[in-house]
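Structure first, commentary second.
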Amino acid sequence: MTTSGAHTPPRFKRSSPRKKSQLKSRRLASRETEVAGAPALARAPLPASLEVDAAPRVRCALPREFFEVDALDLAPRLLGKLLRRDEVVLRITEVEAYRPNDSACHGRFGITARTAPVFGPGGHAYVYLCYGLHMMLNVVADLEGVGAAVLIRSCSPVSGLETIQRRRSQQTEKPVLLTGPGKVGQALGLSTDWSHHPLYTPGGLEVLDGPEPEGILVGPRVGIDYASPEHVMAPWRFAIAGTPWISAPKNTLRPR
């Protein structure tokens, strides 16, 4: 909760014969894991320059109970999970936790027209407009009435690259495409109308299961200088270790 055209197809690098064989095997594995009536998340491999940890396969939406925990517990558990809206699928690579009695949390204002979604049921979306420009996606945590959420700070692309580039107005495959909460909101085409939307139901905007990261980095949250000192320094920012898809500053993050 920090207060932080013409379309041309992207140019992909040619794969070596070995890589082509590997990609063919991955596509076959993807087809084998599809279930009746459930499409794979991505039917074509991404460019070699993009980070993909596993072959595309069917993923299930997470149950509501997954989100009904303390935001500080939910935040690292969201790393590696997938955000899906239409053809766009993103892997969550960086998050921040915001909790009750947290001087950096929007819930500190109590229930207002803007903050009401934060006090809603766990697993719902809270989308707010920052600086009149950026749509910031938060996943509401804990039980209804608590007032806690996890901000999605950065992601990496899994599928829908062309749509992401068009929405972002950037023809790039580099991490700058999705490293920042406003960029994530723009890539997903979100507006504040998505607040209160349940992220555990099919259709619309969903959080799907995904591969757990091998390592996690932690550090203080970004852009909350207005908060009390203990909350400014609280290590409630989490990121996947070893990925370039993390927003600045990176030098405040340490292995968990």
Side-chain angles (χ1 to χ4, degrees), residues 1-2 4 38-43 46 50-54 56-64 66-67 71 74-98 117 120-128 130 134-141 149-168 173 175-213 216 237-240 243 245-247:
M1 296 181 199
T2 55
S4 40
L41 294 183
R43 298 187 180 277
L46 289 174
L50 295 182
E51 179 183 276
V52 180
D53 295 303
R57 56 188 181 274
V58 173
R59 292 290 185 181
C60 298
L62 295 166
R64 182 182 63 188
F66 176 88
F67 306 95
L74 178 61
R77 292 176 63 188
L78 284 172
L79 294 176
K81 300 299 185 274
L82 306 175
L83 286 166
R84 177 169 67 181
R85 186 192 169 207
D86 47 56
E87 71 272 20
V88 172
V89 180
L90 309 179
R91 184 188 185 204
I92 300 172
T93 55
E94 182 187 359
V95 295
E96 290 179 344
Y98 291 84
H124 285 221
Y126 168 43
V127 182
Y128 69 90
C130 179
H134 308 297
M135 291 293 169
M136 315 286 264
L137 172 62
N138 298 261
V139 177
V140 178
V150 175
L151 172 68
I152 308 301
R153 282 203 60 85
S154 296
C155 293
S156 61
V158 175
S159 69
L161 179 62
E162 293 185 7
T163 300
I164 295 168
Q165 291 173 327
R166 174 174 52 78
R167 288 173 174 166
R168 291 277 296 113
E173 301 167 8
V176 68
L177 192 64
L178 289 167
T179 50
K183 298 174 183 179
V184 172
Q186 189 176 28
L188 291 169
L190 300 183
S191 69
T192 55
D193 292 338
W194 285 97
S195 281
H196 295 292
H197 179 80
L199 300 170
Y200 46 80
T201 58
L205 181 64
E206 302 171 78
V207 178
L208 309 178
D209 197 9
E212 294 185 8
I216 293 177
R237 177 188 178 201
F238 303 87
I240 294 178
T243 177
W245 300 84
I246 300 175
S247 65

Within the side chain of [X], is there an N or O that forms a donor-acceptor pair under 3.5 Å with the backbone of [Y]?
X	Y	result
Lys183	Ser154	no
Arg168	Leu177	yes
Ser159	Glu87	yes

Nearest heavy-atom pair of [X] and [Y]: which atoms, and what distance?
X	Y	answer
Thr201	Pro198	OG1-O, 3.2 Å
Ala97	Ala71	CB-O, 3.6 Å
Leu78	Ile92	O-CB, 3.5 Å
Leu90	Cys155	CB-CB, 3.8 Å
Pro117	Val140	O-CG2, 3.3 Å
Arg91	Gly80	NE-CA, 3.4 Å

Rounded to the nearest 0.5 Å, how far does [atom2] of [Y] lie from [atom1] of [X]?
X	Y	atom1	atom2	value
His196	His124	NE2	NE2	9.5 Å
Arg84	Leu205	CZ	CG	10.5 Å
Ile246	Arg237	CD1	CZ	7.5 Å
Ile240	Glu212	CD1	CD	10.5 Å
Arg85	Leu199	CZ	CG	12.5 Å
Leu188	Thr163	CG	OG1	11.0 Å

Which of these, Asn138, Leu137, Val95, sits in a side-chain contact (heavy atoms from CB on, under 4.5 Å) with Leu151? Asn138
Carefully, step by step, assess Phe67 and Leu74 under the rule side chain to side chain contact (heavy atoms under 4.5 Å, CB included). CA-CA 6 Å; Phe67 306 95; Leu74 178 61; 4.2 Å; yes
Kindly determine whether Asp209 and Lys81 satisfy side chain to side chain contact (heavy atoms under 4.5 Å, CB included), including the steps that lead there. CA-CA 5 Å; Asp209 197 9; Lys81 300 299 185 274; 3.3 Å; yes
Arg167 side chain to Gln186 side chain, donor-acceptor N/O pair below 3.5 angstrom: no
Hits for side chain to side chain contact (heavy atoms under 4.5 Å, CB included) against Pro175, two or more places apart or cross-chain, chain-then-number order -> Thr179, Pro244, Trp245
